Amino acid sequence: MWLAVSPGLLAQFTLAGLMMGVLYALMALGITFIYGVMKTINWAMGEFYMIGSFVQYLIVSHLLGPDLWWLALPATAASVFVLGMLVQRLLLRPMFVGGVERRDEYATVITIALLLLLRSLAAVINGPYQHTPGSHLPDVTLGPLSVPGAEVAAAVVGVLVLGLFFLLLHRTWPGLALRAAAQNRIGVQTAGVDLLRLDMVAFGIGVSLAAVAGGLLAPVYLVYPTNGAVATTKGFEIIVIGGLGSIWGALVGGLLLGLAEALGSALIAPAYQNAYGFLLLILLLLIRPIGLFGERARVV
Amino acid sequence: MSGAHLAIRELSAGYQPGIDVVREVTLDLPPGRVTAVVGPNGAGKSTLLKTVFGFLRPRAGQVTLDGRPIHSLGPHRIKGLGVGYVPQGLNLFPQLTVEENLRMGGWTLRRDGRRLRARLDQVYDLFPALRQHRRRPAHELSGGQARMLATAREVVPEPRLLLVDEPTAGLSPALSGQVYEFLATVRRALGTSLLLVDQQIQEALEIADHVVLMDLGRVRAQGPRAEMHLARVRALIQRCLEGVDG
């Protein structure tokens, strides 16, 4: 079972794992961000990943062409951001007005229904076909390593998007309000923030992170109606590894999952790639059940 | 900046349909005055504040601020009119720094950076201990410092009316005294009107100009502090607890 791996190949797998980890982190970040602000777990996150991959595919294939894939990405993010805000406004917001008891649980159940709805709709509209927007990016040589250009581009843009996200959170007023809302929802209202609108923006940002991951991975994996299922699973794996509600947990968890899968594939067997993440998760649950960056309720 | 005139007319509100916790309450808060609302547990005091701030929609009645109806507005709009609300417990953002907490307090001033900076400087002058901790997360503050920050946060936008709910609940006598010092400082510095609810009757009465006694959602008695002195208020509350009407 164990493979003899050269140091060069090991480095290549490590790099590939880290690159994939960045994209996993985007997905997990969206989940943890929405949960942090709204206290609602969005089980339909993978479907927004799927929609992102479809939008990217449609724009690249029918409008811009593979060379201008980077121009399609902001359009993908923006369209899914608007869609997310609409979904939040029409389906989730009614739970947050009028003093609905156990509204977080109800909202979570609605996201499960939304998952089924979006996946079924995509299957009906798209049929059993699989697509790829294609990529003209050449392989990138890093020392002894050769990495597919689309993967490198996805990882680099993923890092940029993460940077933008952190800038938004730490350098803008909406970012300050979003961080504050994650800690004290009554507090932001007494400060004068329109919490219902903030929830809408948070949901839009969260799902657009998933859409960006879907758009970036569209040329790497195929685009089809159920391609979000694996992304959802990995997103939640990362949340458990990193700690629910922790931004840093999502980042580090994403990188660790990417590494675990890549190194497991290199050192043991690539056939069990998806199992290595679960092994990591089980190990972590035994050692630190609240996740790497999870915290018990912290009060002043 | 001067205090605001709050008028409450025949206000009824509750959490469940058909069950009013606040019943036909009528009150007048003149500008710049401190009104203390006292009464036994379950009197509807906190619910009254939540309704005035827009957390709860009234079932009937009116609330006006300087003549403008506010009873159908949400909390963010009421805040924008110069009303602050200090709920029970510490209303802070524990992982934000002291400065970030204060900036959140100035949310309604966010489009006027110069004014916000000036307000922050004034608040640091008012509560100097916060200046040296400005880069520390709020959860690292001592109990007294945290209370100071919670009060200071509400002061940033220069509220014309401050609704304060049980500011000393669960605090030691020393901390309770500090909290009332903070409130007195705010009133002196800004001329803010205060609508104050507290179980610590003695301390509430010391700062109040006007005292309102509530029981079972209704106003049972009210008057200036000279009339509603400590002994009388205690006697009235005792009568409420014994179920004696009037």
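Here is how names work: the chains are called A, B, and so on, in the same order as the sequence lines, proteins then strands, and each is numbered from 1. This one's a predicted model, so the numbers in the text were calculated from it and none came from an experiment.
Heavy-atom contacts from other residues, nucleotides or ligands closer than 6.0 Å to OH of Tyr106(A) number 12 or fewer. Within a 6.0 Å sphere centred on CH2 of Trp173(A), heavy atoms belonging to other residues, nucleotides or ligands number more than 12.
Looking at Ala182(A), neither its backbone nor its side chain comes within 4.5 Å of chain B, counting heavy atoms on both sides. Looking at Phe55(B), the atoms closer than 4.5 Å to chain A (heavy atoms on both sides) all sit in the side chain, from C-beta outward.
Among Leu6(B), Leu48(B), Leu11(B), the one residue that satisfies the side-chain contact (heavy atoms from CB on, under 4.5 Å) test with Leu27(B) is Leu48(B). Applying the side-chain contact (heavy atoms from CB on, under 4.5 Å) test between Met104(B) and each of Val156(B), Leu96(B), Leu92(B) identifies Leu96(B) as the sole match.
With chain A as the partner, the residue from Glu140(B), Arg77(B), Arg103(B) showing the most heavy-atom pairs under 4.5 Å is Arg103(B).
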